[in-house]
Each structure stands twice: as C-alpha cells, then as structure tokens.
Number of protein chains: 2
Amino acid sequence: MTEAGASPKERDPQAVSRFVELFAGQLADAGMARMPARVFAALLASDDGVLTSAELGDQLRISPAAVSGAVRYLSQTHLISREREPGSRRERYRVHNNQWYEAIANREAMLRHWQSALREGVTAVSPGSPAEERLRETLEFFEFIEVELTEMMRRWREKRGPAGGLR
Amino acid sequence: MTEAGASPKERDPQAVSRFVELFAGQLADAGMARMPARVFAALLASDDGVLTSAELGDQLRISPAAVSGAVRYLSQTHLISREREPGSRRERYRVHNNQWYEAIANREAMLRHWQSALREGVTAVSPGSPAEERLRETLEFFEFIEVELTEMMRRWREKRGPAGGLR
DNA sequence: CCTTAACTTCACAAGTTTCTGAAAGAAGCG
DNA sequence: CGCTTCTTTCAGAAACTTGTGAAGTTAAGG
C-alpha cells in the first residue's frame with residue numbers, strides 16, 4: 001500500500017522532488033540564482049516549512065558550502081529566517097508562511113532605481129521632443145505601478161485574514 | 001552656445017548615452033539579457049523611437065551580429081517592431097510608445113507556469129499537511145496576482161487616454 | 001541576371017558564474 | 001578546556017554565456 005499509484009495517501013518524495021526542481025527552475029528563469037531557488041523551493045515543499053542544513057544538502061545533493069551560500073542570500077533578502085535548534089549546533093531554516101510573497105511582490109527598490117534613471121534620461125534629451133514625452137510617460141507608468149503594488153498587497157492581506165498578518 | 005553647460009537647449013549625446021547604459025543595466029538586473037537591454041534603452045531614448053541597425057551598432061559600439069541577435073529577441077517578445085525603410089534595404093526598429101510597458105507588466109505566461117508547477121506540488125505532499133496548505137495558499141496568491149495585474153493595466157489605459165490605446 | 005548592400009547564422013575565444021573540496025572558524029558538551 | 005560537530009570562507013575547476021569575425025543568404029537596383 002506504500003507503492004506508487006494514483007492518489008497517494010502520503011507524501012511522495014519523488015513527486016516532491018520533481019516539483020522542487022520544476023518550481024526552482026521557474027524561479028531561476030525569473031532571475032533568482034540557481035541554488036537559492038532550489039533551497040527555497042525545497043523549504044516551500046517541506047512538511048513544516050523548516051529544514052536543517054544537512055537535510056537540504058541531502059535532498060538537493062549539494063555540498064554544505066552550496067547550502068551555506070544559498071541560505072545566506074535567502075535570509076538577507078528575508079525570504080527565510082534562520083533559527084538555532086535549541087541544544088544543538090544545527091541551524092534550521094524556515095520559510096515565512098505569510099510574508100515571503102510580499103518580499104517577492106515588493107520590488108520597491110527596483111522601481112525607485114528605474115525611476116531615477118528615467119529622470120536622468122528626461123534631462124538628457126531635447127526639451128519638447130518625442131523622446132522627452134516617451135521618457136516622461138514611462139516614468140509616470142512606474143510611479144503608477146509603485147502605488148498600485150502597495151494597494152494590491154494591502155488587498156491581499158485583507159483577503160487572507162482580516163485577523164491580521166501573523167500566523 | 002552648443003557647448004556643455006547647465007540646462008542644455010538641445011539633446012546632449014553624452015548624457016543620453018549615460019542614461020542608456022544606466023537604464024540598460026537596470027533592465028539587465030531585472031533579468032533581460034545585456035544586448036537586448038542596451039538596444040531597447042537606446043531606442044527608448046532615441047528622438048523618434050526609431051533607429052536603423054547601423055545606428056544602433058554605431059551608438060552602442062557593437063557588431064552587426066550583436067544587433068541582429070538583440071533585435072530578434074526584442075521583436076519576438078513584442079517590445080519593438082521591425083519595419084523596412086521604403087526603397088532601401090535597411091531595416092528600422094521602433095519602440096511601441098503605448099504598448100511596451102504592457103509587455104513588461106504582462107507576465108501572464110510566467111504566472112501560468114508558476115501556477116501549474118504549484119498544482120503539481122499540491123498533489124505531491126501529504127493531504128492535510130502544513131505543506132499542502134502552504135502550497136495552496138501560494139497558488140491562490142498567484143491567481144490573485146493574475147487578476148490584479150489585468151485590472152491594473154486596465155486602469156492604466158484609462159488613466160492614460162480615455163481617447164483610446166493608439167497614438 | 002549580375003552586383004552589391006544589408007542582414008543573419010555559426011563556430012569559437014574570452015569572460016563570467018557557479019559549485020566544490022579543503023581548510024579554518026564557532027560553539028555545544030563532556 | 002579540549003573534543004567534536006556543524007558552518008563558513010576561499011581558491012580554483014568546470015560549465016555556461018556572450019559577442020565577435022567570417023562566411024552565407026537575401027533582395028534592391030542597375
């Protein structure tokens with residue numbers, strides 16, 4: 001009854017691994033570096049959203065060094081947090097159930113950079129030219145996006161839990 | 001009076017080039033390949049939004065081969081269109097004033113891929129587990145985003161011109 | 001139809017990124 | 001305190017990416 005078959009009652013490690021690699025590949029296509037993407041996907045699919053360094057290295061068949069690099073990146077960008085297993089020297093890494101997509105959706109820093117580059121562009125072209133109008137309009141678009149994204153995330157939070165953000 | 005100085009009355013090629021490289025760098029950080037990003041930025045900052053292959057190679061100091069590769073990518077993704085200069089064998093490339101940001105904002109294909117990966121993930125983990133809930137919620141988030149993005153772009157079009165989309 | 005200008009394709013060299021093994025660095029536990 | 005277990009850092013090998021030159025293809029214009 002533990003064999004492969006339709007509608008498994010239990011976690012299917014092979015299928016999970018397939019998902020992890022597939023989803024990680026898509027994160028990578030979207031610009032995330034390969035190892036961080038794999039580690040993040042593995043955590044997403046883990047039972048409790050928590051894995052140790054050793055478990056990660058094991059599942060993904062990567063060296064401790066690779067795990068180290070990946071989790072450093074992920075915790076710097078607040079996609080995961082590290083915690084120490086009490087009474088052990090093992091580190092555990094956890095996905096934030098209710099915050100990680102905000103981190104993804106929130107490209108505020110990026111938008112600001114784009115905006116500032118565009119302001120520079122506006123001053124470089126001839127006043128009154130089509131180029132100037134084009135750049136101004138693009139700038140307005142990014143300002144629009146910035147406001148919209150903020151509101152969108154507010155709506156998501158509301159929809160999720162009128163109770164509040166933490167779970 | 002055509003020298004460098006404060007508030008130039010005319011287009012300042014050096015400043016434009018600085019903008020092009022800066023903005024292209026940011027597009028590259030966001031995941032666009034280097035050459036397409038530079039070509040696209042150059043078109044954005046060009047006076048009429050139109051440049052020939054030769055002009056592009058000239059301004060960016062890249063080979064015809066590099067131009068060719070970049071414009072192929074850009075026109076495949078509908079960020080620019082190619083047109084033939086009538087009575088000449090030169091090709092011209094043009095940014096779409098009112099559509100290119102839609103192309104950027106419209107990550108529908110990407111969202112669909114993420115969603116389908118997540119659906120696969122949901123079936124791989126144990127039913128009723130926290131993992132299942134986590135993946136389901138993530139899936140819902142992306143479904144939410146998809147709807148929101150569509151509405152956001154509709155609002156942008158409205159705001160731009162009640163007149164209509166073409167200019 | 002031949003010439004020639006323009007664009008495209010392709011193989012490869014140069015440059016960059018990525019992951020590993022090895023060694024060094026922390027920190028629990030006796 | 002020192003032993004042991006885990007994590008981090010770092011230099012370098014391997015893999016991948018990128019842009020070029022050169023050859024090939026297309027089509028305008030004589």
Side-chain angles (χ1 to χ4, degrees), chain A residues 17 20-21 23-43 46 50-77 79-95, chain B residues 17 20-21 23-43 46 50-77 79-95:
Chain A
S17 164
V20 166
E21 297 304 332
F23 195 66
Q26 285 166 13
L27 289 171
D29 287 349
M32 187 184 292
R34 209 180 153 56
M35 282 293 133
R38 296 179 70 207
V39 166
F40 184 70
L43 277 166
S46 70
V50 177
L51 291 173
T52 65
S53 204
E55 288 166 332
L56 284 167
D58 219 51
Q59 277 189 33
L60 302 174
R61 307 298 221 80
I62 57 181
S63 69
V67 174
S68 175
V71 297
R72 178 172 27 153
Y73 170 84
L74 290 170
S75 69
Q76 271 172 6
T77 53
L79 286 174
I80 67 173
S81 55
R82 345 150 73 76
E83 24 185 87
R84 184 52 73 96
E85 226 168 50
S88 154
R89 63 209 82 168
R90 295 194 158 178
E91 206 96 54
R92 307 194 308 174
Y93 307 99
R94 151 169 278 137
V95 285
Chain B
S17 164
V20 167
E21 296 305 331
F23 196 66
Q26 285 167 12
L27 290 171
D29 287 348
M32 188 183 292
R34 214 181 151 57
M35 282 294 132
R38 296 179 70 206
V39 167
F40 184 71
L43 278 166
S46 70
V50 177
L51 291 173
T52 65
S53 206
E55 287 167 330
L56 283 168
D58 219 51
Q59 277 187 32
L60 301 175
R61 307 300 220 80
I62 57 181
S63 69
V67 174
S68 174
V71 298
R72 178 171 28 148
Y73 171 83
L74 290 170
S75 69
Q76 270 172 5
T77 54
L79 286 173
I80 67 174
S81 55
R82 344 153 70 85
E83 23 185 87
R84 185 52 72 95
E85 225 167 54
S88 155
R89 62 206 86 169
R90 296 197 157 179
E91 216 69 78
R92 306 195 308 176
Y93 306 99
R94 151 169 278 139
V95 285

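The shown structure was predicted, so the numbers you read here are calculated from the model rather than taken from an experiment. Chain letters run A, B, ... following the sequence lines, proteins first and then strands; every chain starts at 1.
When the shell of 6.0 Å around CZ of A/R84 is examined, it contains more than 12 heavy atoms from other residues, nucleotides or ligands. Heavy atoms from other residues, nucleotides or ligands lying under 6.0 Å from CZ of A/R34 number 12 at most.
In this structure, the CG atom of A/L56 is 14 Å from the P atom of C/dC19, given to the nearest Å. One can place CZ of A/R34 at 14 Å from C1' of D/dA14, the figure rounded to the nearest angstrom. If you take CG of A/L51 and P of D/dT7, they are 12 Å apart, rounded to a whole angstrom. A straight line from CG of A/D58 to P of D/dC6 spans 13 Å, rounded to a whole angstrom. A straight line from CE of A/M35 to P of D/dA15 spans 14 Å, rounded to a whole angstrom. A/E91 places its CD atom 10 Å from the P atom of C/dA27, with the value rounded to the nearest Å.
Between the axis at the start and the axis at the end of the helix from C/dC1-D/dG30 to C/dG30-D/dC1 there is an angle of 20°, using five pairs per end and rounding to 10 degrees.
To the nearest 0.5 Å, atom CG of residue B/L43 and atom OH of residue B/Y93 are 10.0 Å apart. Atom CG of residue A/D58 and atom CD of residue A/E55 lie 8.0 Å apart, to the nearest 0.5 angstrom. Atoms OG and CZ, on A/S46 and A/R94 in that order, are 9.0 Å from each other to the nearest 0.5 Å. A distance of 10.0 Å separates CZ in A/R61 from CZ in A/R38, rounded to the nearest 0.5 Å.
Within 4.0 Å (heavy atoms only), B/R89 reaches at least one base atom of the nucleic acid.
Under the 4.5 Å side-chain criterion, counting only non-hydrogen atoms from C-beta, B/V71 is not in contact with B/E91. The shortest distance between side-chain heavy atoms of A/L60 and A/V20 falls below 4.5 Å. B/M32 is listed as a side-chain neighbour of B/L79, based on a closest heavy-atom distance under 4.5 Å.
Residues of residues 62-75 of chain A that place a heavy atom closer than 4.0 Å to DNA chain D, in numerical order, are A/P64, A/A65, A/S68, A/R72. Contacts with DNA chain C (heavy atom under 4.0 Å) in residues 24-33 of chain B: none are found.
Taking both residues in full, the closest heavy atoms of B/V39 and B/A70 are given as CG2-CB, 3.7 Å, listed atom of the first, atom of the second, then distance.
Between D/dT5 and A/R90, no contact under 4.0 Å exists linking OP1 or OP2 to a side-chain N or O. Within the 4.0 Å cut-off from OP1 or OP2 of C/dT8, at least one side-chain nitrogen or oxygen of B/R82 is found.
Test B/T77, B/I80, B/L74 against B/P36 for side-chain contact (heavy atoms from CB on, under 4.5 Å) and you get one pass: B/L74.
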